[in-house]
Asks: 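Below: one structure in structure tokens.
In what follows, every heavy atom counts, from backbone to side chain, and hydrogens, waters and symmetry copies are set aside. Index from 1, following the sequence. Since this is a predicted model, take the numbers as computed values, not measurements.
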Amino acid sequence: MFESLAAAPPDAILGLTEAFRKDTRPGKINLTTGVYKDETGNTPVFGVVKEAERRLVEEETTKSYLAIDGAPDYSEAVKALVFGRDHEIVREKRAVTAHTPGGTGALRVAADLIKSQFSEATVWLSAPTWPNHPSIFSAAGVPVKTYPYYNAQGKCLDIDAFLDALRKIPAGDFVLLHGCCHNPTGMDPTPDEWETVAGIAEERGWTPLFDFAYQGLASGLREDAVGLLEFCQPGRELMVCTSFSKNFGLYNERVGALTLVAESQETAQVVLSQLKACIRSNYSNPPAHGSAIVTAVLNDVALKKRWEEEVGGMRDRIHAMRSLFVDTLKAKGVERDFSFLTKQNGMFSFSGLTPEQVDRLREEFAIYIVRSGRINVAGMTPATMDSLCKSIAVVL
Ligand code: LMR
């Protein structure tokens, strides 16, 4: 049977990290996958995570299954983080949250729900988007289409084309929006533009589906929810996929959540029953450890404060690397103006490098970046900046 299979292509992002691991050249640099590194090039465990784990080891009394949708205190903590503890959605209990294995798990459960309950619906994705988005929805049998988003020439949001396309999306479809730190471009709508997008969603009757994987990495934990909150008016519906991979550094714990906001508490409970049916036939119930850490931190005033400081530290380092990158490119004699990189949000810098230039960087200099030209700024360090920018100058 298996002899008849053809090999699948490597993953556009994780496949490059696999290739990087096998590369034996000294001085190799991996700026592919969105993983944060500190000044010394390590991906540290957050101090608050270590502290929460210490407490968990002492206090944990069982390894029995969690509920299909996870632990209630985790769900409440996620809702408070996304909407704010006193938000109307939380007070009216219009939101249900299922704990999922990572943000990818949340997207897949959302896709399964769409396929099983809204079989005629299409999911609209930005062009460009995270390469796994189309794969996740297609794997679940959900049709996908794209809307324009980025102006590659102007290195900015193509706001007119974006809004025009959103105005043509039919009622009953779902539109995937990146809550902040658009992946891969790093270009987010302004608060006013978000307001316009939310108005179009209401007018047209399509449902927003937020990928909210980078909360806290653009301007701040609350600040980064500003766009999403525009859609959170009384009676309005939306879906939110949360990830704690980046803002808690819990990558390999696979901890995320799918939150669905319905018109009323009663409808929300019906939706939850459908979500649970999707989850049960997929991974049955979620892994506990990561969510226990997140809950312990978010529900403890002192730990939460320390966590916010750690996220702030990450944000500051990323901003500093962004500026250093732009300055070092200039110092290496690159004439092209790269100052647009400092306007981009989050971990990634959408550089405008061509796939051929990216291939040369990998082949000649052992520098790995994604072929779309997306560079993980959060993986840069002062120690590697010089050789990185020197090599980029050569391929340019
Ligand atoms: C990325 O875009 O690099 C991250 O979201 C990690 C991944 O799974 O691709």
Side-chain angles (χ1 to χ4, degrees), residues 64-121 123 137 140 142 171-177 179 198 201-202 205-212 225 228-244 255-288 290-292 294-295 298-299:
S64 183
Y65 293 123
L66 290 181
I68 294 174
D69 52 334
D73 50 354
Y74 173 74
S75 300
E76 292 316 307
V78 170
K79 277 178 253 190
L81 184 66
V82 172
F83 305 113
R85 206 166 283 284
D86 299 322
H87 196 282
E88 176 269 339
I89 286 176
V90 179
R91 280 198 323 270
E92 297 298 319
K93 301 189 174 17
R94 292 202 292 124
V96 286
T97 297
H99 163 198
T100 56
T104 304
L107 286 159
R108 178 58 194 246
V109 174
D112 286 342
L113 182 83
I114 292 170
K115 177 67 184 172
S116 68
Q117 303 304 311
F118 308 100
S119 59
E120 299 301 306
V123 171
F137 290 99
V142 177
D173 279 357
F174 291 82
V175 177
L176 192 146
L177 299 161
E202 183 166 23
W206 46 255
T207 304
L209 162 54
F210 280 91
D211 186 341
F212 203 26
L228 182 152
L229 289 172
E230 284 294 340
F231 296 75
C232 296
Q233 309 303 327
R236 302 269 300 278
E237 299 181 326
L238 65 145
M239 292 163 104
V240 184
C241 299
T242 293
S243 167
F244 292 114
V255 51
L258 173 60
T259 300
L260 241 134
V261 180
E263 199 190 354
S264 66
Q265 180 179 355
E266 293 70 37
T267 308
Q269 288 307 313
V270 175
V271 172
L272 181 61
S273 71
Q274 291 295 348
L275 281 183
K276 285 162 71 177
C278 294
I279 291 168
R280 177 64 172 144
S281 58
N282 185 346
Y283 53 87
S284 189
N285 46 68
S291 72
V294 170
T295 309
L298 294 183
N299 285 345

Asks: Could you work out, with side chain to side chain contact (heavy atoms under 4.5 Å, CB included) as the rule, every residue matching A198, not counting sequence neighbours?
Replies: E230, F231, R236

Asks: Judged by atom type as modelled, is there a donor-acceptor pair below 3.5 Å linking the side chain of T207 to the main-chain atoms of L238?
Replies: no

Asks: Atom OG1 of T242 and atom CG of D211: how far apart are they, to the nearest 0.5 Å?
Replies: 9.0 Å

Asks: Sort and list the pairs that fulfil side chain to side chain donor-acceptor pair (under 3.5 Å) and have at least one residue in residues 77-90, not counting sequence neighbours.
Replies: E76-K79, E88-R94

Asks: Could you measure the distance from the OG atom of S284 to the CD1 atom of I68? Nearest 0.5 Å is fine.
Replies: 6.5 Å

Asks: Do L81 and V294 come close enough that some side-chain heavy atom pair is under 4.5 Å?
Replies: no

Asks: Once you round to the nearest 0.5 Å, how far does CG of L298 lie from CZ of F244?
Replies: 6.0 Å

Asks: One pair to check against side-chain contact (heavy atoms from CB on, under 4.5 Å): Q265 and E92. What are the steps and the verdict?
Replies: CA-CA 7 Å; Q265 180 179 355; E92 297 298 319; over 6 Å; no

Asks: Distance-only, no hydrogens or angles: does the S281 side chain make a donor-acceptor pair with backbone N or O of C278 under 3.5 Å?
Replies: yes

Asks: Rounded at 0.5 Å granularity, tell me how far CD in E120 sits from CG in D173.
Replies: 10.0 Å

Asks: Please find the pair of heavy atoms, one from G84 and one from V90, that lie closest to each other, and give the distance.
Replies: O-CG2, 3.6 Å

Asks: Please report the interatomic distance CZ(F83) to CD1(I89), rounded to the nearest 0.5 Å.
Replies: 4.5 Å

Asks: Work out which heavy atom in G103 is nearest to a heavy atom in C241; give both atom names and the distance.
Replies: O-CB, 4.4 Å

Asks: Any side-chain heavy atom of V123 within less than 4.5 Å of one from F118?
Replies: no

Asks: For Y74, which of L66, T295, D69 qualifies under side-chain contact (heavy atoms from CB on, under 4.5 Å)?
Replies: T295

Asks: Where do V78 and A257 come nearest, in terms of heavy atoms and distance?
Replies: CG1-CB, 4.0 Å

Asks: What pairs meet the salt bridge (charged side-chain N to carboxylate O under 4.0 Å, His left out) rule with one or both residues in residues 95-116, with sequence neighbours excluded?
Replies: R108-D112

Asks: For the atom pair CG (L107) and CE (M239), what is the distance rounded to the nearest 0.5 Å?
Replies: 9.5 Å

Asks: Run the side-chain contact (heavy atoms from CB on, under 4.5 Å) test on L209 and F137 for me, step by step, so that the C-alpha distance in whole Å, both residues' side-chain angles and the decisive distance to 0.1 Å come before the verdict.
Replies: CA-CA 12 Å; L209 162 54; F137 290 99; 3.8 Å; yes

Asks: Verify side-chain contact (heavy atoms from CB on, under 4.5 Å) between E266 and V270, making sure each step is shown before the conclusion.
Replies: CA-CA 7 Å; E266 293 70 37; V270 175; 5.9 Å; no

Asks: So which heavy atom on G235 is nearest to which on E263, and how close?
Replies: O-CG, 3.5 Å

Asks: Given side-chain contact (heavy atoms from CB on, under 4.5 Å), test T259 with F210 step by step and report yes or no.
Replies: CA-CA 10 Å; T259 300; F210 280 91; over 6 Å; no

Asks: Quick one: closest heavy-atom pair of G290 and V255, and the distance?
Replies: C-CG2, 3.8 Å

Asks: Work out which heavy atom in N299 is nearest to a heavy atom in A77; give both atom names and the distance.
Replies: OD1-CB, 4.1 Å

